[in-house]
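Contents: one structure, followed by commentary.
Here is how names work: the chains are called A, B, and so on, in the same order as the sequence lines, proteins then strands, and each is numbered from 1.
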There are 2 protein chains.
Amino acid sequence: MTDRPDLAAMIIPLSRALIDAELPVLREHGLSMWAYAVLLALDERPLRTQAALAESIGADKTRIIGFLDDLQRRGLIERTPDPTDRRVRLLSLTAEGRRVRDSAQAGIQSKEERLLARLPDEDRRGFLRALQALAALPPEEIADPR
Amino acid sequence: MTDRPDLAAMIIPLSRALIDAELPVLREHGLSMWAYAVLLALDERPLRTQAALAESIGADKTRIIGFLDDLQRRGLIERTPDPTDRRVRLLSLTAEGRRVRDSAQAGIQSKEERLLARLPDEDRRGFLRALQALAALPPEEIADPR
DNA sequence: TATTGTTATACTCTATAACTATA
DNA sequence: TATAGTTATAGAGTATAACAATA
């Protein structure tokens, strides 16, 4: 047995607190958490189906439809039928979508930086490296490591 | 702007994955996430009111009642009226409660250790130190740092 | 017949408000 | 009147199932 609290017992409340920290920032930009996740995912690269987009942000395909409707109505994303298969929707960020995303992210990261500033330099660097490594793992490997 | 993903964009999915990892372990011990959180909180020290217990684990006082009922029925906690003020309930872990808690926690932490083993030593140490520091902060300071 | 996106339905989780018993 | 605990109600979030369009 270790002498530390459970990882989950530290991360779950931290996760909740970060959500509480960031929702007001997102609201200033007219975004919900899921809408912001959509903008982040599409910024990487356009996606060919809504189901793929949903999966990439850990959501159900039925859950993001309302958010896509809204983002499209506001001109932040484009959602056009694929000419080669008219069942699927091609999804991409508009210039305005990228602008909103960048400005929301700037607000969020500046708040996060203020938080990280409380940590000693070397812990902060190790923390961020470890976090990026763990976030890059497929969820199944976290659920059942080794 | 930093060159990293948002903290929240890494921590929220990690948090979800850890929950998925730990629920099966808890279920083996007949515990839900909230029931386990109750056992962990009471292990630190007995508590004088249910509302204080609820707050310490980030729950609403109305939400933990069913779990307390069940834990008491199974003899894992004691819940006795305070003789000096019969409105309040004194809460504490029984020996059996501590046994179940220890065995569940052993299962959880061994799974977590397998996950942490993927990280380089110094990153892992920095990660755990940073996490403990952040988890010790009051939620308000995370929601609005500085 | 199978698949993409959508809508409709049911279920779970959580928060709010009412109730009781004590003080 | 106020507080601890409880119960009841309502709301949000989520998952499952049915549906329409296209392949």
Side-chain angles (χ1 to χ4, degrees), chain A residues 8 12-13 15-20 22-24 26-27 31-38 41-42 46-73 77-92 139 143, chain B residues 8 12-13 15-20 22-24 26-27 31-38 41-42 46-73 77-92 139 143:
Chain A
I12 295 170
S15 186
R16 274 204 284 254
L18 282 174
I19 292 173
D20 290 344
E22 310 201 344
L23 278 182
L26 291 177
R27 191 154 33 230
L31 296 173
S32 67
M33 193 66 84
W34 284 118
Y36 180 59
V38 165
L42 288 182
L47 280 171
R48 216 184 142 267
T49 77
Q50 296 182 182
L53 171 61
E55 203 207 330
S56 80
I57 60 175
D60 190 279
K61 64 172 180 171
T62 66
R63 236 157 71 196
I64 61 171
I65 291 181
F67 299 107
L68 294 180
D69 290 346
D70 182 60
L71 289 170
Q72 183 181 25
R73 207 176 310 119
I77 66 169
E78 275 184 346
R79 179 160 61 156
T80 60
D82 182 339
T84 75
D85 180 347
R86 298 229 309 280
R87 292 174 304 181
V88 328
R89 304 276 176 271
L90 303 174
L91 300 162
S92 61
Chain B
I12 295 171
S15 184
R16 274 204 284 254
L18 282 174
I19 291 173
D20 289 345
E22 310 201 342
L23 277 181
L26 290 177
R27 191 155 35 231
L31 297 173
S32 67
M33 193 67 81
W34 285 118
Y36 181 59
V38 165
L42 288 182
L47 280 172
R48 214 182 145 269
T49 76
Q50 294 182 183
L53 170 61
E55 203 207 329
S56 79
I57 60 175
D60 190 279
K61 64 172 180 171
T62 66
R63 236 156 73 195
I64 60 171
I65 292 181
F67 298 107
L68 294 179
D69 289 347
D70 183 60
L71 289 170
Q72 183 182 24
R73 205 177 311 120
I77 66 170
E78 275 183 346
R79 180 160 60 156
T80 59
D82 182 339
T84 74
D85 180 346
R86 298 228 311 280
R87 292 174 303 182
V88 327
R89 304 276 176 273
L90 302 174
L91 301 161
S92 62

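Between A:W34 and the phosphate of D:dA12, there is no side-chain N or O to OP1/OP2 separation shorter than 4.0 Å.
Nearest-nucleotide mapping onto DNA chain C: of A:R16 and A:L90, the residue sitting toward the 5' end is A:L90.
Counting only heavy atoms from C-beta on, B:R63 has its side chain closest to C:dA15 among C:dA15, D:dG5, C:dT4.
Rounded to 10 degrees, the angle separating the terminal helix axes of the helix from C:dT1-D:dA23 to C:dA23-D:dT1, each built from five base pairs, is 20°.
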Should A:L18 and B:I12 be marked as a side chain to side chain contact (heavy atoms under 4.5 Å, CB included) after you check the CA-CA gap, both sets of side-chain angles, and the distance that decides it? CA-CA 9 Å; A:L18 282 174; B:I12 295 171; 5.8 Å; no
Measure all distances between protein nitrogen or oxygen atoms and nitrogen or oxygen atoms of nucleotides 21-23 of chain C, and list the pairs falling under 3.5 Å.
unit_1 : atom_1 : unit_2 : atom_2 : d
C:dA23 : OP1    : B:R86  : N      : 3.1

Got a list of protein N/O to nucleotides 6-11 of chain C N/O distances below 3.5 Å?
unit_1 : atom_1 : unit_2 : atom_2 : d
C:dT6  : OP1    : A:R79  : NH1    : 3.4
C:dT6  : OP2    : A:Q50  : OE1    : 3.1
C:dT6  : OP2    : A:Q50  : NE2    : 2.6
C:dT6  : OP2    : A:R79  : NH1    : 3.2

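Residues that satisfy the side chain to side chain donor-acceptor pair (under 3.5 Å) test with B:R79, not counting sequence neighbours, are B:Q50, B:D69, B:Q72. Scored by the side chain to side chain donor-acceptor pair (under 3.5 Å) test, B:R63 finds no partners at all (sequence neighbours excluded).
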Table please: side-chain donor-acceptor pairs of residues 52-62 of chain A below 3.5 Å, with sequence neighbours left out.
unit_1 : atom_1 : unit_2 : atom_2 : d
A:S56  : OG     : A:L53  : O      : 2.8
A:D60  : OD1    : A:T62  : N      : 2.9
A:D60  : OD1    : A:T62  : OG1    : 2.8

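Across all non-hydrogen atoms, the minimal contact from A:R48 to A:L90 is CG-CD2, 3.5 Å. Scanning both residues, A:A35 and A:F67, for their nearest heavy atoms gives N-CD2, 4.3 Å. Among all heavy-atom pairs drawn from B:R86 and B:R89, the shortest one is O-NH1, 3.4 Å.
With rounding to whole Å, B:I64 atom CD1 is found 16 Å from C:dC13 atom C1'. Rounded to whole angstrom, the span from the CD atom of B:E55 across to the C1' atom of C:dA15 amounts to 16 Å. Nucleotide C:dT12 holds its C1' atom 11 Å from the CZ atom of B:F67, rounded to whole Å. Summarising the geometry, the separation between CG on A:D20 and C1' on C:dA15 is reported as 14 Å, rounded to the nearest angstrom.
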